[in-house]
Protein chains: 4
Amino acid sequence: MLIVMEAGAKPEQIEAVVRHVERMGFKAHPIPGAHRTAIGITGGRQGSADPEVLENYPGVKEVIRVSHAYKLVSREAKPDDTVVSVGGVDVGANGIVVVGGPCAVETLDQTRAIAEGIKNGGGQLFRGGAYKPRTSPYSFQGLGEKGLEILARVREEFDLPIVTEAIDNECLPLVEQYADCIQIGARNMQNFSLLKAAGRARKPVLLKRGMSATLEELLLSAEYIMAEGNYNVILCERGVRTFADHTRNTLDLSIVPAIKRISHLPVLVDPSHGTGKRNKVAPMSRASIAVGADGVLIEVHHKPEEALSDGPQAILPEVFAQIVRECDAIAQVVGRSLQPALAAS
Amino acid sequence: MLIVMEAGAKPEQIEAVVRHVERMGFKAHPIPGAHRTAIGITGGRQGSADPEVLENYPGVKEVIRVSHAYKLVSREAKPDDTVVSVGGVDVGANGIVVVGGPCAVETLDQTRAIAEGIKNGGGQLFRGGAYKPRTSPYSFQGLGEKGLEILARVREEFDLPIVTEAIDNECLPLVEQYADCIQIGARNMQNFSLLKAAGRARKPVLLKRGMSATLEELLLSAEYIMAEGNYNVILCERGVRTFADHTRNTLDLSIVPAIKRISHLPVLVDPSHGTGKRNKVAPMSRASIAVGADGVLIEVHHKPEEALSDGPQAILPEVFAQIVRECDAIAQVVGRSLQPALAAS
Amino acid sequence: MLIVMEAGAKPEQIEAVVRHVERMGFKAHPIPGAHRTAIGITGGRQGSADPEVLENYPGVKEVIRVSHAYKLVSREAKPDDTVVSVGGVDVGANGIVVVGGPCAVETLDQTRAIAEGIKNGGGQLFRGGAYKPRTSPYSFQGLGEKGLEILARVREEFDLPIVTEAIDNECLPLVEQYADCIQIGARNMQNFSLLKAAGRARKPVLLKRGMSATLEELLLSAEYIMAEGNYNVILCERGVRTFADHTRNTLDLSIVPAIKRISHLPVLVDPSHGTGKRNKVAPMSRASIAVGADGVLIEVHHKPEEALSDGPQAILPEVFAQIVRECDAIAQVVGRSLQPALAAS
Amino acid sequence: MLIVMEAGAKPEQIEAVVRHVERMGFKAHPIPGAHRTAIGITGGRQGSADPEVLENYPGVKEVIRVSHAYKLVSREAKPDDTVVSVGGVDVGANGIVVVGGPCAVETLDQTRAIAEGIKNGGGQLFRGGAYKPRTSPYSFQGLGEKGLEILARVREEFDLPIVTEAIDNECLPLVEQYADCIQIGARNMQNFSLLKAAGRARKPVLLKRGMSATLEELLLSAEYIMAEGNYNVILCERGVRTFADHTRNTLDLSIVPAIKRISHLPVLVDPSHGTGKRNKVAPMSRASIAVGADGVLIEVHHKPEEALSDGPQAILPEVFAQIVRECDAIAQVVGRSLQPALAAS
């Protein structure tokens, strides 16, 4: 933390700030400059009161935060990349992964048809929602446990580990039981109660960035999960909310190298929700791999125009297969490759 | 919904779209223009597939949504303003309300000292968090039920009904039992599971706008609560996330008249979280009443520099009293007044 | 400037940064902490290379800017409020001003009709565009000098000093000659060439905040004008661009007290462009005065549905008169009043 | 345009809207629905008053714009991709281009050293500012014509056509005379006076997206240039302003396929300004080519830590060469290749 004094701050004002800082249990380092004095603050116990209150002291111009609250997610704490195994498929290793599936599980037939396309197209993991967070209470909310059962059957048949969303603490135990990876959606990124519960689960967690979350907030939400003991966290960029209206959200690909620089956790990108436009999914998938993501999540439907939710962004299985080929080719350029899918059991 | 065809769309492409629309159970109304044809869509059963998929039909240029999914929150459904009674204090009536209290309940002494300031200062309702959603897992998370007990004691002593936050379905029953109004915070505005549970509670709900929520999303979240049978919903603007960095959030006061135009629900404004700056609380409180809000929520602490959370935005009880006087004066200008506080029991 | 080293930075890395900082002509102040070292930087000649490049030095985690580049606009440089006289009407004094007029000057009859409404309604200044910056090249671009002549005639007749926009260096001399105050629009807030030219003009300048300008950028644009010798600058908030879609822009009223805290310049608010909605102009005008603005700019048209530009936000003269009365009443609450209009000459 | 009536709108209200629409010279098409009536509007002369004013008619709920104002930039007007020749180097053809150079031209030696690196590294075009738009009036503002002369000498020596910025109408003739391509910067994207002047120039124009410009606004600014007769326009994405703070701007790569879908103009991406971080330039360059851009603009400096402006985002010539190789490899994946550089003359 750095406290910047006003140009005309009096010595006794500076002195008062220094004393207050020390009373709060921190150490103060005044740095006199040509025009004004700044005061560096170091130390401090966890949970001690926030020195930002000093902003209102006489003579104080500004208080600037320096240190970050995250620890376990940080590359300073663990320099090596974390590799998370999702039902036997490594995420975050040299090989990139392509996760495909419908927005929502609708019927066994639909799910099987799509899963066949994912498997044949080269996808390694299957995604699909049994519990759906929907903006309107009148929209289709998912099949619940019946959807989880369908996912489990499809996993058996196609050897595709399952990623599916838990929307609250109530459904989390069931999701944990059926799925290979528990997804926490963007709207729940700061549902701290759910994060803690996921931190006590025995399955890896895919944590999506909130629609207006900063990098620091995303990492602190991952920290919530890890602080409870679950170290298998995968981050996912899925677009942020901006004024731009040519896509549903603005996919912020630069967060991928930004995360890689300060955290050891793997990162996926979701270009389907990130753009909300079917015709942007393939180009943004290629760009995601080019920028260094560990893989992509793609919405696929064998009959997009009949999908019960998010039809406009779902692509056909044949387009999915094409995307997998392109991602593979781009992975080669950045010294990576496609992670092999599980062999038929 | 309106489908806009490309300038060069062929008659058979238009025909194909019309047929598809009708197959989905809607009615199609082609409107030929000088350069292009548009197709109006009306009807449709609830839950029917989303015509947005038509965006990918050959010859289609754009699909534009027209109707809104909310019903119960709408002034079209209920033209008269809703007045919500919070422990006997009316919110949304002609009289404006000022809600004050600490960010977090810390001790009985602290809470009593602040409550005394609120009561003497003219506040009608008391706020304070027993469960705190915090960005970092290492920050103070609130006293839990002990905090609720403190709030209940303070209510008895000062005749101040209590507004306090429920952060998950687990704590909701306790909050419902102790509080006069259940607050749902910005981070949980789209925690649909919590919204549904709050919709089954017997206490009014104060719903805060999410940090990047549109007006429509806020109303649909209120609709979740009302659709479960709880019609006592109060909306609250608390700032949205933008690029602007002179305040923690950008308080969007224009949403107040926008809500009043399309919904019958009462609206409060929270200038403390909305700006995150102590010196902006008074001016933005005045502006909130001037723009037509039904009241304001203000963070007050008798020793802000020692507050365990959100110190930088908390003001002193004497400033609170001054704000109440100013809000009262501004209320007169817009033909309103200060809602009377409960008399000592 | 503060340089934060990584937790594991080696002493020789810290040493290398210190040496580089000093080679650039700054002074380095290392502050060792429990986990990491920070290095405060002070001094430095104007125009010297930017220490932000140090971000890429080995062992450096982050570089944090501390000081601001503005000088003349700052309250540190001039503690007292600046009062700008616009054709004899003081802006920034205790009395608030209400500026009214059409978006664009269309005809003499239209302009006279509206000016009569402004004068009778209590407005002190008249606004209207002769040069219009329009998003589309096919929209009405203003009458040019003919519009300025109309404005001058209306000033004579109604004793209303004129505020009108200069959109480029070419039209600036004419605008300076005819107008009492030169407006620089939001799209030109960082047209530095125009700012410099306005800084050499002999008339006051009304500088509108750009659609995505930070407070610091707005102040630096004002600094451009003042650095050329024109100290009569009025700032104007007119809404910023966000994801929110219930208004055309999001009017950021909290910037008013933020400016007042660090600058001595007067501040107006434009709720017409700031919301783009006729029904939000009155409430946001009241809120602007309540928050501490020195006045408001309001678009008025006697036949809004026939206006050649920006019809949806223009209000009728009778609504304008009502807004003036409400602003006057709110001004009283904050210890101010309505600035008197010029008497008939 | 579509007018949506309120659910309870009376027949005479609908009738009044229809009559008004027709009086304005448009054609009205009422579409009665189950709950409400919508009215489609077609026709209308250019420059006719804006039907948005109907929003304030009794019984009207909402007015929704449908058609776009751009014409010449549209793929509907010209289905084939435009290829712009910049001094003999094609932009927008199958081959991608990599433009490199310093932010600002500082000295002949510096410029030659960097140009040598660009040429050897495989770049086809050279960029560098002689006129610099700077946020602060106290920052280095460029060498002016002396900078243009340096650029011209470097072009001769290395056969690298020159892209350089014109910041106002005054410098435009000189820039046009010396440069092969006139850059219009983000801050000037809506400086319509400069756009028109550039539209009358005989050199191609590189138009950068404004910091908060929508896709439609970007296209309309290009339309300003084309409407004056200059059809050689190249668009450039350079990041938009959002709440995200891990990069200086948020590079919005999804606009590339969005532009390609509706316009025939070529598109470049500037990852240097778009991220403001040296370590993000390479990954975002790769992603730009992967998403379908026609090339990238990259800031290069042979001694970045001594650059007079924008040091933190400039990369070394050897990194530039590596980026060219990676872009070439990614271009192959999307069926393209590297555009050949001009042979030594």
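Side-chain atoms are counted along with the backbone in the values below, which use heavy atoms only and exclude waters and symmetry mates. Every chain is numbered from 1, with letters handed out A, B, ... down the list of sequences.
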SB check E217(D) R187(C) (cutoff 4.0 Å): no
For chain C, which candidate among G185(D), S136(D), C171(D), S193(D) shows the most heavy-atom pairs at distances under 4.5 Å? S136(D)
On a heavy-atom basis, the closest approach of P137(D) and L220(C) is CD-O, 3.9 Å
Say you draw a straight line from CG of N191(C) to CD1 of I167(D); how long is it, rounded to the nearest 0.5 Å? 8.5 Å
What distance do N169(C) atom CG and N169(D) atom CG have between them, rounded to the nearest 0.5 Å? 7.0 Å
Side chain / backbone / both / neither for [X] at chain C, heavy atoms under 4.5 Å:
{"X": "N188(D)", "result": "side chain"}
{"X": "A213(D)", "result": "backbone"}
{"X": "E228(D)", "result": "neither"}

Are R134(D) and Q190(C) close enough that some pair of their side-chain heavy atoms sits under 4.5 Å apart? no
Side chain, backbone, both or neither: which part of [X] has a non-hydrogen atom closer than 4.5 Å to chain D?
{"X": "Q141(C)", "result": "side chain"}
{"X": "F192(C)", "result": "side chain"}
{"X": "T242(C)", "result": "neither"}

T135(C) and E216(D): side chain to side chain contact (heavy atoms under 4.5 Å, CB included), yes or no, with the steps? CA-CA 9 Å; T135(C) 303; E216(D) 174 146 9; 6.0 Å; no
Sequence neighbours left out, what passes ring-ring contact (aromatic ring centres under 6.0 Å, His included) with Y70(D)? Give chain and number order. H68(D)
For E76(D), all residues meeting salt bridge (Lys or Arg N to Asp or Glu O under 4.0 Å), sequence neighbours excluded: R36(B), K61(B)
